[in-house]
Amino acid sequence: MEKPRNVSGMRDHLPEAMLLRQHIMNTLTRVFERHGFEPLSTSVVEYDEVLSGKIGDEEKLIYRLDDNGGKHRLALRYDQTVPLARVVAQYQNQIQFPWRRYAIGQSFRGERPQKGRYRELWQADVDIVGSSSPIADAEVIALLTDALTELGFRGFTTLLNHRQILSGIARVSGLDDQAAAGVYRSIDKLDKIGPERVREELERNGVSAAQAEQIMSLVLLEGEPEEVLKALSDGLAGDERAMEAIANLREVLSYIASMGVPAESYTVAPRLARGLSYYTGTVFEVLDADRSIGSLLGGGRYDELIGQFAGRSIPTVGFAFGIERLHDLMTERNMGPRRSTTAQVFVTIFPEHSADALALANELRKQGLNVVTALDSKQKLGKQFQEADRKQIPYAVVLGSDEIAKGEVQVKNLRDGSQRSLPRDQVAAILKAELEA
RNA sequence: GUGGCUGUAGCUCAAUGGCAGAGCGCCUGAUUGUGGAUCAGGUGGUUGUGGGUUCGAGCCCCAUCAGCCACCCCA
């Protein structure tokens, strides 16, 4: 017999986990649509050349496959952003810009799996395509704040930065592009390994002590957003692109405030680098309150990626929620619904009245309740109750000779054990009202 | 992709190279239409998988698979 096992980094989700995931996705969808975003779905399979050259040096993590002997190399999508860029370019004349779209689905990355890092990962991706307005940047940040709050997260922090602030820091320190890339990688670890070890790593990689000092002084800036921006513009004075970036970020921040995003939920963090090479403007990332699991989401502005398919630049800003991480954290903390079944009512069956019980189930379903019936009428009533109880079904109903004669049903609340008789034609309405309360 | 830790009953975990165990769970019952609590009885294993060393392997060695941790990177 073949021993059953699943592929490393790919997870199965039994009903209790799946019900939580559906809750997460339904909540996110509701918030996205509240902000007027429209759904998009694309295939998980793309031509290899669509994905190649878009995400930087992480291409070794892309799963590639052959096309059943066909002549094209195929690949599983690595994220939802590159497929979005492909779709935008391919259907340009059917899309009205600016386009707000969301997509929820899985991507694949050939990483070494770990908690919060999987090879099949679901993401909820949200983008505003075709606008360079800082209001668009602010809008997606307001949206993510809204969504996390609605899911029940508190105390999270959105780190905000701008690619041209980072590269400005590299420029004023006199680093070339290649050295700069290494510097970004190092400072991205600040929260994890601390400033001293980052400084060591910089110097080990050929950055002079004076350069490291200058970089660290800018990158470690913290405090009120306006103070940080002021200090950055002092430190980066003379670098025109950095000055523009600071002005742009300042504008985004003012819109965020207007949109009601609480000031304590975000901060300007010049240390935030982010790996994907396609970002060109604002970048942001959300850290959970206790920071146990990496970032909950990440994103930013990428004004040139779509141009690689469209032949003209189409400015876009967006981000992706990591549903796996939301799921893991919510499971650990008992957030969200903790159900193991969708059933709301269990109808017991006596052998001599099975027809009545099945008819009752049908009546209740027609009125919108989720109903299961016992399957073995010869099973003792106690067993039938036990089945309902173990499934955590809220109500069990009993329909026997006495009840049939009186036009009633016995309704037992399995959570508190209480029991009462209700008129058969009113049961559904009463239970529905109680379940919604 | 690199380095490390772990893998024993459905679950959580014991077992000096010498008979593989406990708690929980699960099943049956405590008189006919009432679950959870209690009590009585019962059920539990190719020790992840495949090799090797040894008189003898859950324990040592090799390989492999999976999970976890640190890198790397990211959601």
Side-chain angles (χ1 to χ4, degrees), chain A residues 1-12 24 28 55-62 78-81 104-126 144 148 182 184-186 188-189 192-193 197 201 272-277 283-288 292-299 319-329 346 348-353 357 374 377-404 409-419:
Chain A
M1 192 174 67
E2 178 72 17
K3 189 173 179 94
R5 58 202 174 99
N6 59 315
V7 175
S8 174
M10 317 277 183
R11 298 199 289 175
D12 300 319
I24 292 169
L28 293 177
I55 60 169
D57 52 46
E58 291 316 304
E59 301 203 338
K60 57 179 194 268
L61 299 182
I62 294 177
Y78 178 89
D79 62 14
Q80 302 248 36
T81 304
I104 299 179
Q106 65 270 66
S107 299
F108 296 85
R109 300 181 183 182
E111 301 196 78
R112 183 80 160 250
Q114 234 171 87
K115 191 175 187 60
R117 284 178 57 166
Y118 304 98
R119 290 184 168 181
E120 177 180 12
L121 57 135
W122 282 69
Q123 292 180 308
D125 195 81
V126 181
L144 71 86
L148 286 173
Y184 302 154
R185 268 199 298 277
S186 296
D188 208 30
K189 298 180 201 166
K192 211 167 189 173
I193 66 176
R197 290 180 55 197
E201 187 170 314
L272 176 67
R274 297 196 51 70
L276 293 175
S277 59
V283 289
F284 48 88
E285 191 167 292
V286 173
L287 298 179
D288 173 63
S292 61
I293 202 167
S295 54
L296 295 180
L297 65 86
F319 67 89
F321 280 99
I323 288 179
E324 309 306 332
R325 288 177 180 182
L326 296 177
H327 179 185
D328 285 355
L329 282 177
F346 185 98
T348 62
I349 299 186
F350 292 116
E352 62 275 28
H353 299 302
S377 65
K378 291 192 287 296
Q379 205 170 37
K380 289 170 124 179
L381 197 57
K383 283 282 163 217
Q384 299 188 29
F385 273 103
Q386 191 176 63
E387 180 185 340
D389 182 52
R390 286 188 182 170
K391 284 264 186 190
Q392 296 172 37
I393 299 171
Y395 295 102
V397 305
V398 179
L399 187 58
S401 312
D402 299 349
E403 290 81 14
I404 291 170
V409 297
Q410 286 288 324
V411 176
K412 180 156 188 156
N413 180 325
L414 290 170
R415 289 193 279 237
D416 63 18
S418 65
Q419 188 164 335

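Naming: A, B, ... by sequence-line order, numbering from 1 per chain.
Looking at heavy-atom distances under 4.0 Å, A:Arg112 makes contact with a base. Nucleic acid contact class of A:Leu414 (heavy atoms, under 4.0 Å, all strands): base. Note on A:Phe319: nothing from the nucleic acid sits closer than 4.0 angstrom, heavy atoms only.
At distances below 3.5 Å, not a single donor-acceptor pair connects side-chain atoms of A:Ser107 with backbone N or O atoms of A:Leu121. Counting only distance, with no hydrogens or angles, the side chain of A:Gln384 and the backbone of A:Gln379 share a donor-acceptor pair below 3.5 Å. Judged purely by atom type and a 3.5 angstrom limit, A:Arg325 uses its side chain to pair as donor or acceptor with the backbone of A:Ser295. With hydrogens and angles disregarded, no donor-acceptor distance shorter than 3.5 Å links the side chain of A:Asn413 to the backbone of A:Ser418.
Rounded to whole Å, the C1' atom of B:A57 lies 11 Å from the corresponding atom of B:U47. Only the C1' atoms considered, B:U46 is 24 Å distant from B:G42, to the nearest whole Å. If you take atom C1' in B:G17 and the same atom in B:C68, they sit 28 Å apart, rounded to whole Å. The gap from the P atom of B:A37 to that of B:C24 amounts to 12 Å, rounded to the nearest Å. The C1' atoms of B:A9 and B:A22 are separated by 11 Å, rounded to the nearest whole Å. B:C39 and B:U6: their C1' atoms are spaced 40 Å apart (whole Å). On the P atoms, B:G45 is 13 Å away from B:C11, given to the nearest whole Å. Taking atom P in both B:G36 and B:G10, the straight-line distance is 24 Å, to the nearest Å.
A straight line from OH of A:Tyr118 to P of B:G67 spans 9 Å, rounded to a whole angstrom. Distance, A:Lys383 NZ to B:U28 C1': 8 Å, rounded to whole Å. Between the NZ atom of A:Lys115 and the C1' atom of B:U6 there is a distance of 15 Å, rounded to whole Å. One interatomic measurement links the two molecules: CD of A:Gln379 to P of B:G33, which rounds to 12 Å at whole-angstrom precision. A:Leu28 places its CG atom 13 Å from the C1' atom of B:A75, with the value rounded to the nearest Å. Atom CZ in A:Arg119 sits roughly 10 Å away from atom C1' in B:G1 (whole-Å rounding).
In this structure B:A14 sits in no base pair that meets the Watson-Crick or G-U test at under 3.5 Å. The base-pairing partner of B:A30, taking Watson-Crick or G-U wobble contacts with both distances under 3.5 Å, is B:U38.
The base of B:G33 is paired with the side chain of A:Glu403 by a donor and an acceptor separated by under 3.5 Å. Donor-acceptor pairing under 3.5 Å, judged by distance alone, is present between the side chain of A:Lys412 and the base of B:G35. Counting distance only, with no hydrogens placed and no angle test, the side-chain atoms of A:Gln419 and the base atoms of B:U34 include a donor-acceptor pair under 3.5 Å.
Comparing B:A66, B:C73, B:U28 by their closest approach to the side chain of A:Glu111 singles out B:C73. For A:Lys380, taking side-chain heavy atoms from C-beta onward, the closest of the listed nucleotides B:A30, B:C26, B:C71 is B:A30. Of all nucleotides listed (B:A75, B:G33, B:C27), B:A75 comes nearest to the side chain of A:Arg109. Counting only heavy atoms from C-beta on, A:Arg390 has its side chain closest to B:C26 among B:C26, B:G33, B:A75. Considering only side-chain atoms of A:Ile193, the nucleotide from B:C68, B:A75, B:C71 that sits closest is B:C71. The side chain of A:Leu61 lies closest to B:C73, out of B:A75, B:G35, B:C73. Distance from the side chain of A:Ser295 is smallest for B:A75 among the nucleotides B:A75, B:U34, B:G33. Residue A:Gln123 has its side chain nearest to B:A75 when only B:C73, B:G36, B:A75 are considered. For A:Arg117, the side-chain atoms get nearest to B:C73 when compared with the rest of B:A66, B:C73, B:G33.
Sequence order on RNA chain B of the closest nucleotides to A:Ala320 and A:Gly9 puts A:Gly9 first from the 5' end.
The pair A:Arg11-A:Glu324 counts as a salt bridge, with a side-chain nitrogen and a carboxylate oxygen less than 4.0 angstrom apart. The existence of a salt bridge linking A:Glu201 and A:Lys189 is confirmed by a sub-4.0 Å separation between a basic side-chain nitrogen and an acidic carboxylate oxygen.
Counting only heavy atoms from C-beta outward, the side chains of A:Val398 and A:Val409 never approach each other to under 4.5 Å.
Contact check, A:Gln410 against B:G33: no side-chain N or O comes under 4.0 Å of OP1 or OP2. Taking 4.0 angstrom as the limit, A:Ser401 places none of its side-chain polar atoms (N or O) nearer than this to OP1 or OP2 of B:G33.
Figure legend: A:Lys412 and A:Tyr395 shown without cation-pi pairing, the cationic atom not lying both under 6.0 angstrom from the six-membered ring centre and within 45 degrees of its axis.
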